[in-house]
Every structure is written in structure tokens, then in C-alpha cells.
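Residue numbers begin at 1 in each chain, while the letters A, B, ... track the order of the sequences.
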There are 2 protein chains.
Amino acid sequence: VEAKVVWKERMTFSGMADTGFELPLGADPSVGGDSDGFRPVELFAIGLGGCTAMDVISILRKKRQDITAFEVQVHADRAEEHPKVFTHVVVEYYLTGHNVDEKALVRAIELSSTRYCPAQGMLKQVVPIELVYHIYEDEGEGKSSLVVSGEYTPAEASV
Amino acid sequence: VEAKVVWKERMTFSGMADTGFELPLGADPSVGGDSDGFRPVELFAIGLGGCTAMDVISILRKKRQDITAFEVQVHADRAEEHPKVFTHVVVEYYLTGHNVDEKALVRAIELSSTRYCPAQGMLKQVVPIELVYHIYEDEGEGKSSLVVSGEYTPAEASV
């Protein structure tokens, strides 16, 4: 992985990766910034969510699940003291589709957590990560209803 | 920290943070993606670079250093086996200015590494991070010359 951040002015940077994409980085006014870009730690949260989301959608599509919408939210608590590392992370999977198999989803979350997701592979060594899921039935016309919620924990590893 | 990733199609997601910014996430064609966004692990590299870059520029400006250009590169090696975590990271600071004080830069890098940067605070627990710097003298008209290169290691902690 090759990436760089280039200083623009004050606390404003541009972040670039070798794949060619670019994003704005900024800081909070409380530390002299202008709120003009992602906070660096937000990129950790998005990286974590994106990594496991890609694993899960990839596995569920291989399992021929009919997914119509999918979102992963990441909530990270941080220490009050510097360096204000994450102290607790909750990853919430919101999956909408037709007759989605809960066991298939739990298995996908498990495989991402234990085998495939590098972001989880690194972060789970330093912070507890809770994995929560919600399955919604797509009822058409933009409507959906919650079918089941649950949590994947290592104890359920062989679901 | 609150963030989410929303599925668009195939392996394409949109990443959003509570501060209101949005970025594209994509995957490599080798895993069914369309190379249409950042790879999730790239966000870890940019988050790490952005976090320490902000610390360093903030500290150097407080020390009245005259900085004209600044870039931080992050090179991360990854394991060949899943989950392909980072195995070695090099952070390179490229600082250009007028008579920049090397000790001030080393001290800024040290403070970021040991006290302020949450990305380093988390990642350095799971992967060795090498911190290398290069100071250039700004000679005007877009020209600059290398003054000194060095590496910050914990052994130099009291420079």
C-alpha cells in the first residue's frame, strides 16, 4: 500500500492513494483547523466499515442471497486522554433483501472478522469490536420491515 | 467517531463520516471490483499519514518554523496470507522550508508518535512503524535542496 498526504495550508491536507483517488483532510477548529476535510481517525472507521462490508457483500452474493440495500455503520468511542485511541467499536450491518438467510449473514460476518478483513485483523488486537446485524425484508416501493437483529460473537463461531 | 459505508452496486460503496465528507470505496477487479474507489486499507495508510502530518505541522508552526511545503508518504507492506494485515510500515516526512531546525522536527515526530497521533497509537501496537524524515531548503523559484535525512527511533527520544 502506498499513500501520501500533501499539505495545502494551516491544517488542511490532501490525501492520495496509489490507486489514484484523492480526499480532503481537515482538522477541528479547536485545534486550529477549518473543518474542511475528513478527520484522520474517521478514515480508520470508514476503512474498517468498508473492509468488512466488501467481505460480507461478496460472500452473500456468492451464496446467491437477494440483497437490495446494504449499509454498515461504525461507532467508535475514543479515550479522553491522548493519543485518544479507540476504546470500543461497534460495527452495525444493516442488510435489506428478499428472504435473506440469517445464518449466511452471520457466517459472512464471521469470515470477515476471523479471516478476510485486514482492518479488523489489525484493530481487533487493540480494541474490542462488537459486530451487530439487522436483517430487513424488502417490501417494495421503498418500504422494508425488520426481520431479525442479532450479534456475532466468537462464541457463535460455528453457526 | 461515527461513520458509515453505503452499498452502491457490486463492490462499490460510498464512505461517509459524521463531519459530512464522502469518499468512494472500490475493490480490485481480481476480487470482483471495478477499481472505482479507495481500497479500505488505503484509508488506514492515509489516516496514519494525515494524523501524524497534522501533529507535526501544528507543532512546527508553534515553534515558528518557516515551512513552505510538506508531504508525508506512507509505505505499508502487507502479509501474503489473509487477512493481509500490515507487516511493516514506513512513514516518510518530506519537509521544505527556510532554515528548518532538525531537532524541532524530530521532537515533533516524537510527540506525534508517543503522545498525540491516535492512528499511530493503535497501529504501532500491531506493526513496526519506521519514521524517516528529509529536510529540504527552499531556494525559491520552485527549487529546493536536501539538507539532511534521518530517522526517529525511540532511542533518540530525548533529542
Which bit of [X] is near chain B, if near means a heavy-atom gap under 4.5 Å: side chain, backbone, both or neither?
X      : answer
A:R78  : side chain
A:C117 : backbone
A:T68  : backbone
A:D55  : neither
A:F86  : both
A:E81  : neither

Counting heavy-atom pairs under 4.5 Å with chain B, which one of [options] comes out on top?
options              : value
A:K8, A:R115, A:R39  : A:R115
A:S112, A:G26, A:G20 : A:G26
A:S35, A:A45, A:G37  : A:G37

Report task. Determine the interplanar angle of the A:F21 and B:F38 rings, folded into 0 to 90°, and report it as parallel if under 30°, tilted if 30 to 60°, perpendicular if over 60°. Result -> tilted
Minimum heavy-atom distance [X]-[Y], with the two atoms named:
X      : Y      : answer
B:L123 : A:M122 : CD2-SD, 4.0 Å
A:P118 : B:P83  : CB-O, 2.9 Å
A:F44  : B:L48  : CE1-N, 3.8 Å
B:I46  : A:A3   : CG1-CB, 3.7 Å
B:G50  : A:P40  : C-CG, 3.7 Å
A:H75  : B:E2   : ND1-OE1, 2.5 Å

Check whether any side-chain heavy atom of [X] sits under 4.5 Å from a side-chain heavy atom of [Y], and report yes or no.
X     : Y     : value
A:V31 : B:M54 : no
B:T19 : A:D28 : no
B:T52 : A:V5  : no
A:W7  : B:I67 : yes

Query - From CE (A:M16) to CD (B:E42), nearest 0.5 Å - result: 12.5 Å
Query raised in the report: From A:E71 CD over to B:K4 NZ, what is the distance, rounded to the nearest 0.5 angstrom?
Result: 4.5 Å
Using the rule that Ile, Leu, Val, Met, Phe, Trp and Tyr join whenever any side-chain heavy atoms are under 4.5 Å apart, tell me whether [X] and [Y] fall into a single cluster.
X      : Y      : answer
A:Y133 : A:V74  : yes
B:V41  : A:V127 : yes
B:I135 : A:V6   : no
B:V147 : B:V100 : yes
A:Y116 : B:M11  : no

Top contributor to chain A contacts, counting heavy-atom pairs under 4.5 Å, from [options]:
options                     : result
B:D77, B:D18, B:L23         : B:L23
B:S14, B:A53, B:A79, B:G121 : B:A53
B:G15, B:G47, B:A27         : B:G47
B:K84, B:Q73, B:E22, B:H82  : B:H82

Query raised in the report: Applying a criterion of heavy atom separation less than 4.5 Å, what residues of residues 57-65 of chain B form contacts with chain A?
Result: B:I57, B:S58, B:R61
**Report entry** Part of B:E92 lying under 4.5 Å from any heavy atom of chain A
**Finding:** neither
